[in-house]
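First the structure, in the form of structure tokens, and then the observations on it.
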Amino acid sequence: MSGQPTIDTNEPVFFHPDLFVVPTNGEAPYLLGYKCEDCGKVWFPKLEICPECWTDLKQITLSRSGKLYSYSIIHIGQRGIKSPYAVGYVDFPEEVRIYAQLAIPHEKLKLGMDVEVIEGVVRLDKNSNPVMLSYMFKAVE
Amino acid sequence: MREVYVVGVGMTPFGKFPDRPYYDLGKEAVVKAVKDANVDKREIQAGYVGNVKAGMAPGQKVFKTLGMTGMQIVNVENACSSGQTALNLAYSAIASGQYDMVMAVGCENLTGGRTSGEALAPDQDDIEGILGNVMPAIYGMRAKKYMEQYGATPEDLALVAVKNHKHSSLNPYAQFRNLVTIEEVLASRMVAEPFTLLQCCPIADGAAAAVVCSKEKMLQLGAKGVKIDASILVSGLFKNQPSDLTVPEITQRASRLAYEMAGMGPVDINMVECHDAFTIAEFLYYETLGFCEKGEAASFIRSGAAELGGKHVFSVRGGLLCMGHPLGATGVAQTVEAVWQLRGQAGDRQIPGAKTAMIHITGGGVSGMDNAACGVHIFTV
Ligand SMILES: [Zn+2]
């Protein structure tokens with residue numbers, strides 16, 4: 001075809017390969033962190049060098065689950081996302097805090113709950129078709 | 001460093017003026033401030049102009065048809081803190097001896113061209129923005145955590161809106177001048193939990209200006225100015241690591257520097273204009289600016305301390321919640337209020353015998369940063 005897949009197909013865009021991995025063999029998806037070998041700090045999203053030491057960072061696999069630090073349910077939100085939608089900050093054992101949309105029934109949301117990374121639709125077009133896939137968090141069963 | 005004084009201020013009312021471009025609003029504020037200072041406009045040696053949305057060289061468009069051209073004009077974009085950034089530059093220009101008399105201006109038109117019904121979002125090249133984050137949710141997450149940690153209730157938070165509406169009902173420059181009840185605040189439309197519409201600052205257009213000069217210049221003019229005792233501007237720290245979002249680090253750092261520079265503490269401050277973009281923000285700033293202990297904000301506001309007649313009056317002009325927040329203008333408008341209060345010219349909302357005022361602004365959504373920039377100034381008479 002044209003070699004410009006995002007323009008003339010209806011496939012949703014995958015966001016973003018150096019942050020998030022969805023294995024093709026059906027294994028569970030995971031996020032990538034970037035660890036400084038000098039100070040040990042983990043950064044997310046991707047950086048080339050540690051902001052503190054300027055040392056090159058090493059890509060690591062983050063734990064699949066973390067704890068929900070806090071959340072909000074957005075009723076007047078951005079265009080392209082169906083309101084209301086829940087968002088939150090999740091603290092990972094690698095000492096990194098990551099924001100994402102929450103694929104969790106709103107009445108089940110609770111600070112401190114265990115959540116895990118999944119792939120989900122984060123943006124829709126005006127006909128409600130998915131246009132962007134990325135990481136989201138769901139409750140750990 | 002030389003002592004620095006504000007000798008003239010002026011502003012437009014804040015509200016929705018889609019047909020008045022930012023430079024038109026800015027011109028009105030400049031003319032009012034220069035007349036208030038009772039100086040010849042040709043004596044103004046430089047202009048620092050806060051604006052976020054207008055693009056290239058907004059300050060030139062404010063000054064060009066006022067016959068104030070040729071001087072140094074610096075355009076300042078620093079998110080919500082643009083106005084206080086302009087003031088900080090004006091302060092530095094005088095304190096350092098570079099100039100003897102300059103102006104800080106803030107002007108913004110947000111309603112011309114923006115669709116309502118959408119929340120202000122971080123930039124779309126910002127990862128949280130792409131994934132749907134909006135300003136009310138960023139503060140909403142702080143509020144949820146605060147409420148869980150300290151047992152604060154939605155009614156407690158609503159008190160901030162009730163108080164600020166009470167204040168703004170006395171301010172002819174405010175966008176909202178109606179009184180509201182706790183029930184009305186909580187029954188308004190949900191924006192981002194736990195905030196209903198009346199707990200979020202509205203968008204607004206407006207402009208404000210201040211004439212700033214050296215002590216020598218002030219004495220020469222025979223004017224009685226308001227002294228700038230502290231002028232602090234800092235940027236946020238970039239941090240991906242978990243931290244306590246109920247302690248806004250950037251505000252803590254900026255306010256400590258300001259207290260140190262002024263040689264004062266919270267006990268000395270009569271009034272505070274803070275960045276009350278959402279109700280929770282005032283709670284966090286009562287605590288972070290040192291007016292009460294952690295977790296005590298609800299009892300602080302319930303004691304009446306933050307209300308007109310109390311010991312440390314917060315948001316006496318109505319705050320961002322009732323004035324609205326024309327990004328580039330807010331910091332200079334806070335300055336105008338501080339100057340009016342300290343000169344005893346604040347009309348029905350005058351704080352009797354006010355001698356010291358603090359203004360605080362912070363904001364700008366950048367993923368991984370508490371806020372982009374924070375300004376704190378302390379004024380005395
Ligand atoms: Zn490092």
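Residue numbering restarts at 1 for every chain, and letters A, B, ... go by the order of the sequence lines.
Listed for the A/Gln78 side chain is a donor-acceptor partner under 3.5 Å among the backbone atoms of B/Asn133.
You'll find the side chain of B/Glu128 stays beyond 4.5 Å of the side chain of A/Val87, heavy atoms only. Proximity of B/Leu245 to A/Ser70: side-chain heavy atoms (C-beta onward) are nowhere separated by under 4.5 Å. In this structure, the side chains of B/Ile127 and A/Tyr99 stay at 4.5 Å or more apart for every pair of heavy atoms.
The candidate from A/Gln101, A/Met136, A/Glu94 with the greatest count of non-hydrogen atom pairs under 4.5 Å with chain B is A/Gln101. Among B/Lys145, B/Glu148, B/Arg142, the residue with the largest count of heavy-atom pairs under 4.5 Å with chain A is B/Lys145.
Looking at every heavy atom in both residues, B/Gly132 comes nearest to A/Ile81 through CA-CD1, 3.4 Å. B/Asn240 and A/Val42 get closest at one heavy-atom pair: CB-O, 4.3 Å. Here the closest non-hydrogen pair linking A/Glu95 and B/Gln241 is O-CG, 3.3 Å.
By the ring pair (Phe, Tyr, Trp, His ring centres under 6.0 Å) test, B/Phe278 pairs with B/Tyr139, B/Phe195, sequence neighbours left out.
Within 6.0 Å of CD on A/Gln59 lie more than 12 heavy atoms contributed by other residues, nucleotides or ligands. By the 6.0 Å contact criterion, CD on B/Glu155 is enclosed, its count of non-hydrogen atoms from other residues, nucleotides or ligands being greater than 12.
The distance from atom CG of A/Leu111 to atom CE of B/Met141, rounded to the nearest 0.5 Å, is 11.5 Å. A distance of 8.0 Å separates CZ in A/Arg123 from CD1 in B/Ile130, rounded to the nearest 0.5 Å. One finds the NZ atom of B/Lys144 at 14.0 Å from the OH atom of A/Tyr69 (value rounded to the nearest 0.5 Å).
Residue A/Ile73 touches chain B through both its backbone and its side chain, counting heavy-atom pairs closer than 4.5 Å. For chain B, no part of A/Phe92 is nearby; none of its heavy atoms comes within less than 4.5 Å. If you measure heavy-atom distances from A/Leu47 to chain B, the contacts under 4.5 Å come from the side chain alone.
Evaluation of the salt bridge (charged side-chain N to carboxylate O under 4.0 Å, His left out) test over residues 50-67 of chain A, restricted to residues two or more places apart or in two chains, returns A/Lys41-A/Glu52, A/Arg64-A/Glu116, A/Lys67-A/Asp114.
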